[in-house]
Amino acid sequence: MHKKFDSGEIEKKWQQIWEEEGIYNVGERDNSKEKEYVLVEWPYPSGNLHIGHWYAFAVPDIYVRYKRMMGKQVLYPMGFDAFGLPAENAAIKRNLDPKAWTNDNIAFMKTQLASMGNAFSWDKTTSSTDADYYKWTQWMFTEFFRKDIAYRGKGIVNWCPGCNTVIANEQVLSDGTCERSGDVIEKREMPQWMLRITKYADRLTDDLDPLDWPEHIKEAQRQWIGRSNGATLDFKLSTGESVTVFTTRPDTLYGATYLVLAPEHPLVAQNEANISNYAEVADYVALAKQKDEQDRLDTTKEKTGVKLEGVTATNPALGEEIPIYISDYVLASYGTGAIMAVPAHDERDGAFAKKFSIPVKQVVAEKIVFTGISAPKPEKETLVRECVDLMIEHPTNGQFLVQKEVDGTHTHIHFVGGGTDGESQVVAIGRELEEETGFTEYEIIGDVVTTSQGHGYRHTKDKNQLTISSFYHIKLKSLDQKPSELEDGKHTIEWVDKSEVKNLLTWEGHQKGWAAFTEGQIFTGTGVIINSGEFDGLDSETAKEKIVEKVGGKMSSTYRLRDWSIGRQRYWGVPIPIVYDPEGNAHPIPKEHLPWHLPEDVDFKPTGVAPLAKSEELKKRTESIFGAGWTPEVETMDTFVDSSWYFLRYLDNKNSEEIASLAHQKDWMPIDIYFGGAEHTTMHLLYSRFWQKVLFDLGLVTENEPYRRRLNRGLILGPDGNKMSKSKGNVIDPDEHVKRVGADTVKMYLAFMGPYEGSNYPFDLGGIAGVRRFLERVNGLSEHIVDVAFDTDKLLHKTIKKVSEDITTFKFNTAISAMMMFVNHVEKNGITTGDYETFLRVLAPFAPHLTAELWVAAGKTESIHLTKFPEADESLIVDDIVTIAVQVNGKMRGTIAVSPEASEAEALEAARHSEGVEKYLTGEIRKVIYVPGKILNLIV
RNA sequence: GCGCGGGUGGCGAAAUUGGUAGACGCGUUAGUCUUAGGAACUAAUAGGGUAACCUGUGGAGGUUCAAGUCCUCUCCCGCGCACCA
């Protein structure tokens, strides 16, 4: 029965009780229980809790509460990632102290978080801005510096004009704008503090494999790291120097007809004296530098470049002289900044060679392995004797001529022709075609495919498959003869669509084109090596290593990943704990001087110069500790550094001796499930894995990988289906809805919209009312209490099972739907007192406030949240009568109610008497398919 | 271009993993209550047809007694990467 309630009053009351009793604090590890570490990404304290925070924290709370009720000791900590630009920008705007602004926001945000009624482990909280937190951030940095993981790098960095600071590669979006401010990133050359994440590239890639993460997240990280395996090869120059190139295709070395250097390649400037057209070259280099990233990345534009006159290289395989070019299609920052160009087998090289009329040399032929399978049931029959070698294409409609042979068991599909004797000349084909088909006007589209295995076809080990190593694609010019000439009674000749041909035969490589040798075509696949001296006939993969060995190269990998630039020319962050001696050498600040406090006597308005440079206090502090002439580092750290280890600090948040003791880590690590946003896939998630690995190598952590499982939730969209934004006026204010319908309703509604993983959902104002209505019905459920309730206990135990399963697979939506069905049933059939109390415990993780209230109303004294989650009684779940579908000739014609163990005869008998079925049972029943408890299908 | 996900009512979505497609909720329609509310309850709600029935999970084929689910091809959408050698 529907019964309204004052959610505001109930929720306030229980939140207060929970806080006073501290029932969600975890305290010390209790080894009598299993541990569960549930992590959500700590928020930035913007001072305004939005609906996304609700989705991020309140929905996982269902899982947390469930696990607690299942008897686990659950750590569900919450903290604040409080350094960063918003505080600084707000402080500038309002002329405030960022520290005070941040602390006020944290305090306010805590009250907002309390309104969620989540089971947070507040006793384990921390904040990145606390000095006893950033002390450890700094200390780790100094350790990293000593191990050469942190270094002062040179080179080109991303400058965000909006943020007035350098940012990392990961923080630049693919359109070249800043992830935070949306401003277009400029390239600047300036010294930078970097972390050597590239040193961990292999481990960051390889260690993904065993992780129980969604494949798409792992794949995104792999792509971001972008390992490619290949080799470095040295090319001698006419000047006596040598150039190292990186290539993934050393097997094409014999086809390398020129070299290309990035315009910024050091050898260009070094050879000013040797390059006769240096003026032209210098102009091009200057032009390339000016171009912004966008231009350079535009793949559609035409290739440009300049030949280095007077300098040549030697192809180490052939000993031939080849020219050298510079071009901006070669990036200085990737590989070695130089490539060997193989125009026959690389699209870009091919395009460049065409424009500059550089010779093209083919060194790889496509190996065609077509495995043709005749129609069905391969295991029954032997094979197609003859198969394709003439593929005859219709002059106008693109169809292919095939020969079908029907022998009763299956259909053989042939392309017309066949029976080649191994001759490969076009003439021979033409002759054969004329003889066999009478076609006289045709053109050969694909040339003969040559492979090391010669021509013809052969059976593979699998007797049902046929391997063809040559074939001919012929297009008719006109249709002056009818293909019917080929019909012989057993075979029919038909034109079929290309798509049907593909249906009948699958083959590897068909997407690459019909043949390897079409003039002007660039074949980028692997295959059989040709025109490469002693390596002819090998396949590409084998040839790679052998060719590298011959020319003294080295197999190696290169990565897309760049080192992590962490220095920020802004104020509100962790000061980089480095001081410089009078000679300018960097020294880490010893542990006894940490935390190296962020100075407060600073005008932090952004000027592009680090604000800390203006601090007199910092200058004095440095000199008084280290001596006259010593100067402090004035940059602060990227806030992604702060968040790279916060989950460790939660474990031991008051430890003044270590980041977190190994004993505490052993208690809780690894994190069992990490809920977060997709935007962190290649930022925070990658950085923190890297950080953990460095700590692991330093012996400071127990785990090589921090997160056992990861789940990316989706986004809550505005009611109009668009991303929420102030300008669109579609922003949902959670506080307003909490006030109106309560936290339990908002939380359950968010959980009810769809599976927690992946998708984005529009916030529907009608939908949230539906959930509130459900809770009001639960509130009135006690009025349905009876002594005997029809089947309610059965449904209850099914519901328990369903809810348990769904929570553990993060399908909260179907868990809620199951509970709704249960309530619908109770309203019609009643419920016993015991079952009512059991149901409240099932609902408790979803609606903690209301269930706490109803629990007390039912006369209980212990908190419902300290009770056990009900266990499903399997004996009650089994049905004694089930409704199964009856099909006649595969069509649904009715249902029958029978026992799941009913015999076929019993089911059949029931079906005969079933209305709707019997009228279809006119003829004799030829076959009965009966799956007990599932279906009865009668073939008449 | 390459790599991952997805396409099911008016909407968000279910479907025991090959066995009654559309659970649950929203919305809509009709009705009930001296009823004016952003209330509750009852019933209907994939489409077509008076009906019996027919058609339906992006499209085309296939396998099967039986396909949203498996296979082949194809179209579209989202995300990641992309002159990365």
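Here is the naming used below: chain letters follow the sequence lines, and residue numbers restart at 1 for every chain.
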Set of residues satisfying ring-ring contact (aromatic ring centres under 6.0 Å, His included) with respect to A:Tyr258, sequence neighbours excluded:
A:Tyr325, A:Phe352
Quick one: label A:Gly335 by what it contacts on the DNA or RNA (base, sugar-phosphate, nothing), any heavy atom closer than 4.0 Å.
nothing
Given the P atoms of B:rG9 and B:rA23, what is the spacing between them in whole Å?
13 Å
Taking a pair as Watson-Crick or G-U wobble with both distances under 3.5 Å, which nucleotide is matched to B:rU42?
B:rA30
Syn or anti for B:rU17, taking syn as within 90° of 0?
syn
Heavy atoms under 4.0 Å, any strand shown: does A:Gln887 hit a base, just sugar-phosphate, or nothing?
base
By salt bridge (charged side-chain N to carboxylate O under 4.0 Å, His left out), A:Glu219 pairs with (sequence neighbours left out) A:Arg222
Answer yes or no: does a side-chain N or O of A:Lys927 lie under 4.0 Å from OP1 or OP2 of B:rU64?
no
Let's see if you can work this out: which of B:rA85, B:rC4, B:rG3 has an atom nearest to the side-chain heavy atoms of A:Leu331?
B:rA85
Atom NE2 in A:His216, atom CD in A:Gln223: separation rounded to 0.5 Å?
12.0 Å
Expressed as a whole number of angstroms, how long is the span from A:Met748:CE to B:rC26:P?
13 Å
Residue list, salt bridge (charged side-chain N to carboxylate O under 4.0 Å, His left out) with A:Lys355, at least two apart or on another chain
A:Glu302
Which nucleotide, if any, forms a Watson-Crick or G-U wobble pair with B:rU17, using both distances under 3.5 Å?
none
Is it true that the side chains of A:Ser228 and A:Tyr559 contain a donor and an acceptor less than 3.5 Å apart?
no
Say we look at B:rG47 and B:rG10: how far apart would their P atoms be, to the nearest angstrom?
7 Å
Mate of B:rG37 where both pairing distances stay under 3.5 Å, Watson-Crick or G-U
none
Rounded to the Å, how far apart are A:Asp720 CG and B:rC26 P?
21 Å
Presence of donor-acceptor pair under 3.5 Å, side chain of A:Gln223 and base of B:rG80
yes
Say you pick atom C1' in B:rG59 and the same atom in B:rA51; how far apart are they, in whole Å?
33 Å
A:Leu936 has an atom CG; how far is it from atom P of B:rC65, in whole Å?
16 Å
Check: protein-nucleotides 39-45 of chain B nitrogen or oxygen pairs below 3.5 Å:
unit_1: B:rA40; atom_1: OP1; unit_2: A:Arg773; atom_2: NH1; d: 3.2

Integer-rounded Å distance: B:rC79 C1' and A:Gln221 CD
15 Å
Among B:rG3, B:rU20, B:rA85, the one nearest any side-chain atom of A:Thr248 is B:rA85
Contacts under 3.5 Å, N or O only, protein and nucleotides 8-18 of chain B:
unit_1: B:rG12; atom_1: O2'; unit_2: A:Met753; atom_2: O; d: 2.6
unit_1: B:rA14; atom_1: OP1; unit_2: A:Asn813; atom_2: ND2; d: 3.0

Syn/anti state for B:rG9 [syn: chi within 90° of 0]
syn
Partner set under ring-ring contact (aromatic ring centres under 6.0 Å, His included) for A:Tyr254, not counting sequence neighbours
A:Phe535
Which nucleotide, if any, forms a Watson-Crick or G-U wobble pair with B:rG22, using both distances under 3.5 Å?
none
Taking atom P in both B:rG6 and B:rU16, what distance in whole Å separates the two?
15 Å
I want to know whether A:Phe752 and A:Phe774 have ring centres closer than 6.0 Å.
no
Mind checking who B:rG5 pairs with, Watson-Crick or G-U wobble, both distances under 3.5 Å?
B:rC77
Given B:rA85, B:rC24, B:rU20, which nucleotide is nearest the side-chain atoms of A:Thr895?
B:rU20
By the 4.0 Å heavy-atom rule, please label A:Ser228 as base, sugar-phosphate, or nothing.
sugar-phosphate
So what does A:Arg893 hit on the nucleic acid, given a heavy-atom distance under 4.0 Å: a base, only sugar-phosphate, or nothing?
sugar-phosphate
Looking at B:rU57, which nucleotide sits across from it as a Watson-Crick or G-U wobble partner, both distances under 3.5 angstrom, or is there none?
none
Starting at the 5' end of RNA chain B, which residue's closest nucleotide do you reach first, A:Trp224 or A:Ala769?
A:Ala769
Determine the Euclidean distance between corresponding C1' atoms of B:rC65 and B:rC81; express it in Å to zero decimal places.
47 Å
Can you check the distance between B:rA15 and B:rU8, where both ends of the measurement are the P atom (answer in whole Å)?
15 Å
List for me each residue that meets ring-ring contact (aromatic ring centres under 6.0 Å, His included) alongside A:His680, sequence neighbours excluded, and say none if there are none.
A:His684
Separation of B:rG5 atom C1' from A:Leu715 atom CG, nearest Å, is 16 Å
Within the sub-3.5 Å range, which N or O atoms of nucleotides 56-58 of chain B have a protein N or O partner, and how far apart are they?
none

Worked check of side-chain hydrogen bond (donor to acceptor under 3.5 Å, both in side chains) between A:Arg710 and A:Asn712:
CA-CA 7 Å; A:Arg710 165 76 185 192; A:Asn712 282 0; 2.8 Å; yes
Determine which pairs satisfy side chain to side chain donor-acceptor pair (under 3.5 Å) with at least one residue from residues 342-353 of chain A, sequence neighbours left out, and list them in order.
A:Tyr329-A:Asp349, A:Asp346-A:Arg348
Taking atom P of B:rC65 as reference, at what distance in whole Å does atom CG of A:Asn889 sit?
12 Å
If we take the C1' atom in both B:rC33 and B:rA43, what is their distance in whole Å?
16 Å
Looking across every strand, which nucleic acid part, if any, lies under 4.0 Å from A:Thr883 by heavy atom: base, sugar-phosphate, or nothing?
base
Roughly how far apart are A:Lys303 NZ and A:Lys354 NZ, rounded to 0.5 Å?
12.5 Å
Residue met sooner reading RNA chain B from 5', once A:Gly770 and A:Val931 are mapped to nucleotides:
A:Val931
Can you pull the side chain to side chain donor-acceptor pair (under 3.5 Å) pairs that have at least one residue in residues 764-774 of chain A, sequence neighbours excluded?
A:Ser7-A:Arg772, A:Arg772-A:Glu776
Roughly, in whole Å, what's the span from CG in A:Asn722 to P in B:rG78?
14 Å
A:Tyr749: partners by ring-ring contact (aromatic ring centres under 6.0 Å, His included), with sequence neighbours left out
A:Phe763
If the condition is side chain to side chain contact (heavy atoms under 4.5 Å, CB included), which residues does A:Lys801 pass it with, not counting sequence neighbours?
A:Glu805, A:Ala872, A:Glu874, A:Ile877
Same-atom distance (P) from B:rC70 to B:rC54, integer angstrom
27 Å
Which whole-number value in Å describes the distance from A:Arg227 CZ to B:rG3 P?
18 Å
About how many Å separate CG of A:Leu233 and CG of A:Leu253, when rounded to the nearest 0.5 Å?
6.0 Å
